[in-house]
Amino acid sequence: MSTSPAAAKAKRVWAPGPVIVGAGPSGMAAAACLKEKGIPSLILERSNCIASLWQHKTYERLRLHLPKEFCELPLMPFPSNFPTYPSKQQFIAYLEDYKNHFGLRPVFETTVVRAEFDGFWRIEYDCQWLIVATGENAVEFLPEFEGMSEFGGPILHTSSYKTGEGFCGMRVLVVGCGNSGMEVCLDLCNHNAQPSMVVRNSVHVLPQEMLGRSTFGLSMWMLKWFPTWLVDLFLLLMSRLLLGDTAQLGLTRPKVGPLELKNLTGKTPVLDVGTLNKIRAGKVKVRPGIKRMMSHSMEFVDGRIENFDAVIFATGYKSNVPSWLKETNFFSEKDGFPRKPFPHGWKGENGLYAVGFARRGLLGTSVDARSIAGEIEQQWRTRPSF
């Protein structure tokens with residue numbers, strides 16, 4: 001049943017504290033930091049659970065790619081008995097415990113279709129502060145190719161992929177060579193499928209650990225003492241020593257180092273968890289970009305044509321903010337990210353904030369959540385009454 005604009009406005013309720021859009025790790029981190037300061041918040045979530053991406057759109061073998069100390073949310077560490085790299089199920093359990101520990105009560109199955117500022121933020125509720133926590137991964141990105149509608153086998157995004165069990169014996173083309181694409185290929189191999197991986201662009205592949213420490217943790221420690229270019233040089237030398245020349249496997253490296261590239265573009269290096277060995281053994285084949293799709297085959301940009309039974313797009317996600325937030329000074333209409341890079345991308349104008357868009361993982365989320373709560377606290381103490 002449709003509702004007139006006047007009736008919808010009359011139904012809106014004033015929210016005394018910030019309204020947070022999104023009940024993923026970012027939204028809950030912001031709410032917990034606010035609650036610690038005695039500030040109530042209202043979390044609106046379109047799905048029927050917290051962390052819906054983790055609960056509904058991830059494959060079963062997924063683990064955190066970084067050590068748990070770099071992935072914990074503010075004010076609550078992971079349980080000490082969790083492994084260094086918690087599983088998907090363990091991370092979800094941690095998030096549920098986090099929600100219960102701070103008494104967070106999101107309003108589920110509530111989709112924000114429009115938010116605009118008119119003296120106050122007008123959503124389903126009216127509020128002084130709006131925190132956008134829908135994050136970097138709100139909507140699946142699925143590219144279009146010539147002949148895509150003609151392909152006779154299943155086509156799916158990694159958001160629908162759970163396990164390689166149903167692909168046993170099948171020739172599967174995985175489009176994308178990020179962490180998800182690499183890991184899906186590994187999982188397919190482990191279930192006796194025959195995966196090929198499309199690699200269109202250059203990519204940095206690093207070992208998950210080096211010198212007995214996580215590559216990420218070692219990098220963060222080194223950056224305290226050395227410039228980025230020198231840390232990048234160390235990472236590339238160690239990667240060459242431990243992984244060999246990835247270009248011989250069809251994985252050419254960018255000219256810019258992995259950390260510098262992350263800072264410039266937000267593109268995360270791939271942490272190898274065993275896929276390179278499968279490529280070397282011929283279990284995973286590397287292919288160039290797709291030129292066109294046919295009923296049961298692909299033509300690649302190098303002219304090669306091969307048959308495939310299924311296609312899995314490991315092409316990531318995108319922000320959906322431009323579809324509902326009627327504001328373009330803080331968020332870019334082009335990609336739905338804050339225009340200012342980390343660490344300045346958390347604060348907009350008129351009480352608008354962003355958390356989970358830093359392209360710095362959960363570590364960046366924690367930094368932004370604390371910053372937002374700290375600033376709102378100052379305004380909360382001197383707020384007018386309504």
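Only a predicted model underlies this, so the values are computations on that prediction, with no experimental measurement involved.
- Every residue meeting the salt bridge (Lys or Arg N to Asp or Glu O under 4.0 Å) condition with K291, not counting sequence neighbours, appears here in chain and number order: E299.
- For R280, the CZ atom sits in a packed shell: over 12 heavy atoms of surrounding residues, nucleotides or ligands are nearer than 6.0 Å.
- For the residue pair R360 and N263, a side-chain donor N or O sits within less than 3.5 Å of a side-chain acceptor on the partner.
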Assess the residue pair L64 and F78 against the criterion (side-chain contact (heavy atoms from CB on, under 4.5 Å)); give the C-alpha distance rounded to whole Å, side-chain angles, the decisive distance to 0.1 Å, and a yes or no.
CA-CA 12 Å; L64 294 180; F78 280 93; 4.0 Å; yes
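- Other residues, nucleotides and ligands contribute over 12 non-hydrogen atoms within 6.0 Å of the NZ atom of K326.
- A distance-only check finds no donor-acceptor pair linking the side chain of S52 to the backbone of I50 [under 3.5 Å].
- Using a 4.5 Å heavy-atom cutoff, the side chains of T268 and H65 are not in contact.
- Put simply, V231 and W225 are part of the same group of oily side chains (I, L, V, M, F, W, Y) that touch within less than 4.5 Å, one to the next.
- Taking a cutoff of 4.0 Å between a charged side-chain nitrogen and a carboxylate oxygen, R359 and E136 do not qualify as a salt bridge.
- Taking E306 as the reference, R287, R304 meet the salt bridge (Lys or Arg N to Asp or Glu O under 4.0 Å) condition, with sequence neighbours excluded.
- Here E375 pairs with K347 under the salt bridge (Lys or Arg N to Asp or Glu O under 4.0 Å) rule; sequence neighbours left out.
- One hydrophobic cluster, built from ILVMFWY side chains closer than 4.5 Å, cannot hold both V175 and L186; they sit in different ones.
- Of the possible polar contacts, none joining the H204 side chain to the L236 backbone as a donor-acceptor pair under 3.5 Å is found.
- Aromatic ring centroids of F151 and F145 lie 6.0 Å or more apart.
- In this structure, L362 CG and L66 CG are separated by 8.5 Å, a value rounded to the nearest 0.5 Å.
- P207 and S239 get closest at one heavy-atom pair: CD-OG, 3.3 Å.
- Between the side chain of N179 and the main chain of L271, a donor-acceptor pair closer than 3.5 Å is present.
- E260 places no side-chain N or O within donor-acceptor distance of the main-chain N or O of W229, the cut-off being under 3.5 Å.
- Proximity of a side-chain donor or acceptor of R122 to a complementary backbone N or O of R114 within less than 3.5 Å is not detected.
- Linking ILVMFWY side-chain heavy atoms closer than 4.5 Å, directly or via other members, places V311 and L188 in two distinct hydrophobic clusters.
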Pair F357, S26 - check side-chain contact (heavy atoms from CB on, under 4.5 Å), show working.
CA-CA 9 Å; F357 293 88; S26 299; over 6 Å; no
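- Using modelled atom types and a 3.5 Å distance limit, the side chains of T252 and S202 yield no donor-acceptor pair.
- Remark: side-chain polar atoms of Q90 are paired, donor with acceptor, to backbone N or O of S87 under 3.5 angstrom.
- Listed here is the closest heavy atom pair of V198 and G289: CG1-CA, 3.9 Å.
- I39 and E377 get closest at one heavy-atom pair: CD1-CA, 3.6 Å.
- Between the side chain of D232 and the backbone N or O of L235 there is no donor-acceptor pair closer than 3.5 Å.
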Any chance you could lay out the side-chain contact (heavy atoms from CB on, under 4.5 Å) test for L237 and L233, step after step, and finish with the verdict?
CA-CA 6 Å; L237 289 173; L233 179 60; 4.1 Å; yes
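- Side chain of S323 to main chain of N320: a donor-acceptor pair is present (N/O by atom type, distance under 3.5 Å, no hydrogens or angles).
- Residues passing the side-chain hydrogen bond (donor to acceptor under 3.5 Å, both in side chains) test with H56 are N48, sequence neighbours excluded.
- Under the 30°/60° scheme for interplanar angles, the aromatic rings of Y353 and W346 are found to lie parallel.
- Taking the six-membered ring wherever Trp is involved, the centroid distance between the rings of F70 and F216 falls below 6.0 Å.
- Between T110 and V107, the shortest heavy-atom contact is OG1-CG1, 3.3 Å.
- Here ring-ring contact (aromatic ring centres under 6.0 Å, His included) pairs that include residues 289-311, with residues two or more places apart or in two chains, number zero.
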Kindly indicate, with the supporting measurements, whether the criterion side-chain contact (heavy atoms from CB on, under 4.5 Å) is fulfilled by V132 and T134.
CA-CA 6 Å; V132 179; T134 48; 3.6 Å; yes
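- Partners of E209 according to the side-chain contact (heavy atoms from CB on, under 4.5 Å) rule, which considers only residues two or more places apart in sequence or in another chain, are Y85.
- Distance alone, capped at 3.5 Å, is enough to place a donor-acceptor pair between the H157 side chain and the S159 backbone.
- Other residues, nucleotides and ligands contribute at most 12 non-hydrogen atoms within 6.0 Å of the CD atom of E333.
- For the pair E72 and K68, the salt-bridge criterion is not met [side-chain N within less than 4.0 Å of a carboxylate O].
- Both M170 and Y161 sit in one connected hydrophobic cluster of ILVMFWY residues. Membership requires side-chain heavy atoms under 4.5 Å apart, directly or through other members.
- To the nearest 0.5 Å, atom CG of residue L75 and atom SG of residue C33 are 5.0 Å apart.
- Criterion: ILVMFWY side-chain heavy atoms under 4.5 Å apart, direct or through other members. Under it, M238 and L259 are part of a common hydrophobic cluster.
- Taking SG from C127 and CZ from F120, the interatomic distance works out to 10.0 Å, rounded to the nearest 0.5 Å.
- No side-chain donor-acceptor contact under 3.5 Å links Y98 to the backbone of P25.
- The minimum heavy-atom distance linking A32 with L104 is given by the pair N-CD2, 4.3 Å.
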